[in-house]
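See below for the structure under consideration.
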Amino acid sequence: ILPKQVKIVEVGPRDGLQNEKESVPAAVKTALVNRLSGAGFRNIEAAAFVSPKWVPQMATSADVMAAIDRRPGTIYSALTPNMQGFDAALAARADEVVIFGSASEAFSQKNINCSIAESIARFDSVAQAAKQHGLRLRGSISCAFGCPYQGEVSPESVADVVRRMRDLGCDEIDIADTIGVATARQTQTVMERAAREFSIDALAGHFHDTYGQALANIYASLEVGISIYHSSVAGLGGCPYAKGATGNIATEDVLYMMEGLGIETGIDLDIVVDAGQFISQFLGRKSASRAGNALAAK
Ligand code: HMG
Ligand code: MG
């Protein structure tokens, strides 16, 4: 039996846009976030307080957080790799901060310039500060199914980082397929292994769609009881430190599937379709959402 309801975390404004070469004005990002909150998302990843030298596109994060209309009950999250990021997120009134590590040593070095062990030590101060200020704490684990630099990643190394993030006090932990290589059975194996370390109700699936497997992997995750999924409106995105990786699974496609399965999301698909067309028009390209394009053409 599948979960009756799921939580969808919309990551388009952060994961979706972070890799865009041309700077997207804060006003456009703000309009996108507002359209998404209007669609009913309870959780929107809106900002990343990271080094602007590493990810220039996210340099406007504070402006976006200051300008958005905050919908009561919606959690606006921000990525915070260290205390400098945490302080910025706190000042910007983020509701949830995200520490992001990796199950792959090689990717950890490329993405955050330190080893897995060093990252956990850094996250410890962020975690303590989050608790002290009453912010939600989320942990994200990249390359849980494969790494662009080291290739295979074992379920044991994922479990190891899950355990460390649990011990830091994370409220929620994301198992991420950064480069979109996972397939359905592998997804179930890794999710079930992670669930031996952390409550399955607070584990999330974050699937990029590089190999077209993301929707199948979400269905496979539903079968083993995962009920939190990340997706990106119009399928925007890619990670600057994972060359060739495409965007997250498109939100419209996920919502279409959930509706068909009778699984509640609390989100209005039509409004998300409009938001997807809005941002795609701004970027000057066709939306990567198959369901979004089909519904927009109706
Ligand atoms: P570093 O160079 O080792 O940091 O970078 P540092 O502490 O030595 O500082 C160097 C400079 O960066 C200093 O500035 C700091 O002030 C500045 P300078 O004195 O040279 O002018 N700095 C910062 N500036 C703004 N905000 C900060 C900050 N921290 C330091 N928070 C660091 C280490 C972690 C900062 C860097 O590697 C970084 O910013 N990495 C972020 C990479 C990133 O954002 N990747 C994409 C997001 S992760 C992702 O997409 C995966 C995910 O979607 C899940 C999945 O799909 O796998 C979540
Ligand atoms: Mg990602």
Side-chain angles (χ1 to χ4, degrees), residues 2-3 6-12 15-16 19 45 98 100-108 110-111 116 138-163 165 172-198 200 202-232 235-251 253-258 261 263 288-290:
L2 307 180
V6 294
K7 174 168 107 173
I8 308 288
V9 178
E10 169 60 50
V11 299
D15 206 346
N19 208 28
E45 202 167 275
V98 184
F100 53 105
S102 174
S104 147
E105 278 295 346
F107 189 79
S108 183
K110 297 276 184 189
N111 194 44
I116 295 173
R138 172 146 64 83
S140 191
I141 304 177
S142 285
C143 295
F145 303 91
C147 169
Y149 307 106
Q150 77 174 41
E152 259 179 59
V153 174
S154 71
E156 276 320 302
S157 44
V158 178
D160 183 55
V161 184
V162 170
R163 206 178 305 119
M165 288 207 166
E172 199 167 306
I173 297 178
D174 317 328
I175 308 298
D177 187 8
T178 314
I179 53 173
V181 290
T183 52
R185 200 65 78 203
Q186 177 197 11
T187 298
Q188 292 181 329
T189 302
V190 173
M191 290 302 188
E192 285 177 327
R193 182 65 192 84
R196 277 162 46 200
E197 308 296 339
F198 195 68
I200 195 159
L203 280 176
H206 176 112
F207 298 104
H208 286 260
D209 201 28
T210 317
Y211 286 81
Q213 303 299 302
L215 206 54
N217 293 337
I218 291 177
Y219 190 83
S221 302
L222 284 171
E223 285 190 329
V224 297
I226 302 289
S227 61
I228 308 173
Y229 296 98
H230 294 193
S231 62
S232 177
L236 297 171
C239 175
Y241 296 98
K243 196 164 177 284
T246 66
N248 300 84
I249 180 69
T251 305
D253 298 14
V254 175
L255 293 177
Y256 184 81
M257 180 176 81
M258 295 299 173
L261 292 169
I263 295 174
S289 171
R290 306 277 285 269

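When a residue number appears, it is its place in the shown sequence, counting from 1.
Between I175 and A144, the shortest heavy-atom distance links the atoms CG2-CB, 3.6 Å.
A donor-acceptor pair under 3.5 Å is absent between the side-chain atoms of Y211 and the main chain of H208, judged by distance alone. Of the possible donor and acceptor atoms, one in the side chain of T246 sits under 3.5 Å from a partner among the backbone N and O of T210. The backbone N or O of Q213 lies less than 3.5 Å from a partner atom in the side chain of D209, making a donor-acceptor pair. Between the side chain of S108 and the main chain of S104, no donor-acceptor pair closer than 3.5 Å is present. The closest donor-acceptor contact from the side chain of S157 to the backbone of V153 lies at 3.5 Å or more, if one exists at all.
The aromatic rings of F207 and F145 sit tilted, their planes meeting at an angle between 30° and 60°.
Taking the ring centre of Y149 as origin, the terminal cationic atom of K110 falls inside the region bounded by 6.0 Å and 45° from the ring axis.
The structure places CG of L215 at 10.5 Å from CZ of R290, a figure rounded to the nearest 0.5 Å. Here the straight-line distance linking atom CD1 of I249 with atom OG of S232 works out to 10.0 Å at 0.5 Å rounding. Note that the SG atom of C147 and the CD atom of E152 stand 11.5 Å from one another [nearest 0.5 Å]. Rounding to the nearest 0.5 angstrom, the gap separating the CD1 atom in I263 from the CG atom in L255 is 11.5 Å. We find the CG-OG distance between D15 and S140 to be 8.5 Å, quoted to the nearest 0.5 Å. Note that CZ of R163 is 13.5 Å distant from CZ of F198, once rounded to the nearest 0.5 Å.
Counting only N and O atoms by type, the side chains of S231 and T251 include a donor and acceptor under 3.5 Å apart. The closest side-chain donor-acceptor pair between D253 and S289 falls under 3.5 angstrom.
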*Step by step, would you call H206 with D177 a side-chain hydrogen bond (donor to acceptor under 3.5 Å, both in side chains)?*
CA-CA 6 Å; H206 176 112; D177 187 8; over 6 Å; no

*L203 and I228: CA distance, side-chain angles, deciding distance, side-chain contact (heavy atoms from CB on, under 4.5 Å) verdict*: CA-CA 7 Å; L203 280 176; I228 308 173; over 6 Å; no

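More than 12 heavy atoms of other shown residues, nucleotides or ligands fall within 6.0 angstrom of atom CZ in F100.
Between L222 and L261 the shortest side-chain heavy-atom distance falls below 4.5 Å. No side-chain heavy atom of R193 sits under 4.5 Å from any side-chain heavy atom of V158.
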